Every structure is written in C-alpha cells, then in structure tokens.
Engineer: 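Handing you this structure, nothing more for now.
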Amino acid sequence: HINNCFLSDGTKDVYACIGAHLLATYHDGIPSLSGALLVERAQLKRTGLFSQLSLNPFSSAWGKKSENALDVALDIHVATKESVHVKTMLMDMNAKVDLVVKGSLRKPSLIGSVELLSGALSFPYKPLYISKGALYFLPNQMHDPIIELVAKNKIKRYQVALQVTGSLSSNHVMLN
C-alpha cells in the first residue's frame with residue numbers, strides 16, 4: 001500500500017503524486033505484480049513530449065537484460081483521480097487516464113483510454129480549443145492508439161475546425 005508518493009523526473013517537467021495498492025506474488029516460478037495505481041495529481045511539461053515519450057514506462061527502468069533474466073507478469077489498473085495537466089509547445093490540455101497494464105515487464109500491453117477533457121492546440125494566430133478528444137489503447141496496439149480529436153476556434157472571420165481520426169500511424173486530418 002502506497003499513499004501520497006511523489007514522483008519526479010528531476011527536471012520539473014514531469015511530476016506526479018500517486019497512491020497504489022499493489023500485490024507482488026511468486027507462483028509456479030512466475031513473479032507477478034497486480035493491483036491499482038491512482039494518479040492523484042500530475043503535470044507533464046516537455047517540449048517534444050510525444051516524440052520523446054516511450055509508451056513502455058518500464059523500458060528504461062528494466063534496462064537491457066539477458067533472455068534468461070526473470071520477467072514479471074503485470075495486471076495493474078492505472079487511473080487519474082483528477083485530470084493530468086499536459087503542457088508543451090504545441091498543446092496545453094487536461095486529460096483523464098483509465099488504463100490497464102497487462103503482459104509483462106518485457107512485453108507490456110496497454111488497454112483503455114486517455115480522454116482529453118479540455119485544452120488547446122497551438123495554431124497560427126490563435127489556438128484551437130479541444131471540444132472532443134481521446135486516445136484508445138487496444139490489445140496488441142500499444143504503440144498505435146486510436147485517435148479521436150476535434151478542436152475549433154474562430155480565427156478572424158472564419159470558423160476553423162481540426163479533426164483527427166484513425167490511429168497514430170495511419171491518421172486522417174481534416175481542416176475546415
């Protein structure tokens with residue numbers, strides 16, 4: 001049981017206050033970690049956030065291990081109590097996370113969603129305000145989530161709308 005644990009990357013770009021109920025077990029020679037992790041407050045503030053973000057949060061912590069090294073099975077529900085604030089050069093938004101991390105440390109799988117609650121995308125002249133947005137992580141598609149995004153604003157005398165659908169690797173962008 002973890003309460004009010006503060007995490008930071010040491011650069012003031014990423015911080016979170018979390019709580020967790022985790023259970024580590026070892027059964028039939030297979031270690032596992034299961035439970036729930038609640039992000040109570042968090043902020044991400046980085047210039048190239050999505051280009052630098054690894055969707056495998058365990059990759060740097062686990063490092064390079066031999067094939068004979070022990071792996072750990074995962075079944076952890078990750079959710080936010082309050083919205084997470086994400087601020088980069090291209091966006092300023094609040095998001096709600098509801099994900100399940102399954103698989104193992106070597107080969108994790110994300111299932112669930114990240115809902116964009118509010119915010120804006122940088123656009124020439126004026127920002128575009130997010131009216132709808134979500135990322136959906138499907139089994140075996142951790143690095144290619146489904147995207148739904150609509151952002152709008154009135155720029156000069158024109159109503160501008162940006163719509164992004166599809167997946168991260170195969171998206172459709174419409175600008176009206």
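Small disclaimer: the values here were computed from a predicted structure and weren't measured.
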Engineer: Would a single hydrophobic cluster contain both Ile18 and Leu23, if residues Ile, Leu, Val, Met, Phe, Trp and Tyr are joined by side-chain heavy-atom contacts under 4.5 Å?
Structural biologist: no
Engineer: Sequence neighbours excluded, which residues qualify as side-chain contact (heavy atoms from CB on, under 4.5 Å) partners of Leu33?
Structural biologist: Leu22, Ala24, Val72, Leu74, Ile76
Engineer: For Ser109 versus Pro139, what's the shortest heavy-atom pair and its separation?
Structural biologist: OG-CA, 4.3 Å
Engineer: Would a 4.5 Å heavy-atom cut-off, applied to side chains only, mark Ile147 and Leu135 as touching?
Structural biologist: yes
Engineer: Does some side-chain heavy atom of Ile155 sit less than 4.5 Å from a side-chain heavy atom of Leu128?
Structural biologist: yes
Engineer: Do Asp75 and Val100 come within less than 4.5 Å of each other through their side chains, counting heavy atoms only?
Structural biologist: yes
Engineer: Side-chain contact test, heavy atoms from C-beta onward, threshold under 4.5 Å: evaluate it for Gln159 versus Lys152 and give yes or no.
Structural biologist: yes
Engineer: Tell me whether the rings of His21 and His1 are parallel (<30°), tilted (30 to 60°) or perpendicular (>60°).
Structural biologist: tilted
Engineer: Output all residues satisfying side-chain contact (heavy atoms from CB on, under 4.5 Å) with Asn4, sequence neighbours left out; order by chain, then residue number.
Structural biologist: Cys17, Glu40
Engineer: Determine whether more than 12 heavy atoms belonging to other residues, nucleotides or ligands lie under 6.0 Å from atom NE2 of His27.
Structural biologist: no
Engineer: Is there a path of hydrophobic side-chain contacts, each under 4.5 Å between heavy atoms, that joins Leu105 and Leu99?
Structural biologist: yes
Engineer: Give me the atom names and distance for the closest heavy-atom approach of Ile130 to Ala120.
Structural biologist: CD1-N, 4.2 Å
Engineer: State the CD-NE2 distance between Gln163 and His172, to the nearest 0.5 angstrom.
Structural biologist: 10.5 Å
Engineer: Nearest 0.5 Å, what's the CE-CG distance between Met142 and Leu168?
Structural biologist: 12.5 Å
Engineer: Is there a side-chain contact between Leu149 and Leu121 in this structure, where contact means two heavy atoms from C-beta onward sitting under 4.5 Å apart?
Structural biologist: yes
Engineer: Distance from Gln43 atom CD to Ser83 atom OG, nearest 0.5 Å?
Structural biologist: 10.5 Å
Engineer: Do Val173 and Met93 share a hydrophobic cluster, counting only Ile, Leu, Val, Met, Phe, Trp and Tyr and linking them when any side-chain heavy atoms are less than 4.5 Å apart?
Structural biologist: yes
Engineer: Taking the side chain as everything from C-beta on, heavy atoms only, tell me whether Asp98 gets closer than 4.5 Å to His77.
Structural biologist: yes
Engineer: Could you tell me which non-hydrogen atom of Ser169 sits nearest to which non-hydrogen atom of Asp144, and how far apart they are?
Structural biologist: N-OD1, 2.7 Å
Engineer: Is Leu117 linked to Val86 within one hydrophobic cluster, defined over Ile, Leu, Val, Met, Phe, Trp and Tyr using a side-chain heavy-atom separation of less than 4.5 Å?
Structural biologist: no
Engineer: Should we count CZ of Phe6 as having more than 12 external heavy atoms under 6.0 Å?
Structural biologist: yes
Engineer: Keeping the roles fixed (side chain from Asp71, backbone from Ser104), state whether a donor-acceptor pair exists under 3.5 Å.
Structural biologist: no
Engineer: Check whether any side-chain heavy atom of Asn153 lies under 4.5 Å from a side-chain heavy atom of Phe123, and answer yes or no.
Structural biologist: no
Engineer: Spell out, as yes or no, whether a donor-acceptor pair under 3.5 Å connects the side chain of Asp92 to the backbone of Gly119.
Structural biologist: no
Engineer: Identify, with sequence neighbours excluded, every residue that meets salt bridge (charged side-chain N to carboxylate O under 4.0 Å, His left out) alongside Glu148.
Structural biologist: Lys132
Engineer: Can you give me the closest heavy-atom contact between Leu116 and Ala95, atom names plus distance?
Structural biologist: CD2-CB, 4.1 Å
Engineer: Without swapping roles, check the side chain of Thr80 against the backbone of Lys96 for a donor-acceptor pair under 3.5 Å.
Structural biologist: no
Engineer: State, to 0.1 Å, how close Gly29 and Pro31 come at their nearest heavy-atom pair, and which atoms those are.
Structural biologist: O-CD, 3.7 Å
Engineer: Please report the interatomic distance CG(Asn171) to OG1(Thr165), rounded to the nearest 0.5 Å.
Structural biologist: 8.0 Å
Engineer: Linking I/L/V/M/F/W/Y whenever any side-chain heavy atoms sit under 4.5 Å apart, do Val97 and Met91 land together?
Structural biologist: yes
Engineer: Would you list the pairs meeting side chain to side chain donor-acceptor pair (under 3.5 Å) in which at least one residue belongs to residues 115-131, sequence neighbours left out?
Structural biologist: Asn94-Ser118
Engineer: Residues in side-chain hydrogen bond (donor to acceptor under 3.5 Å, both in side chains) with Ser32, at least two apart?
Structural biologist: Thr25
Engineer: Which atoms form the tightest heavy-atom contact between Cys5 and Ile2, and what is the distance?
Structural biologist: CB-CG2, 3.4 Å
Engineer: Among Ile, Leu, Val, Met, Phe, Trp and Tyr joined by side-chain contacts under 4.5 Å, find the other residues sharing a cluster with Leu138 and list them by chain and number.
Structural biologist: Tyr136, Ile146
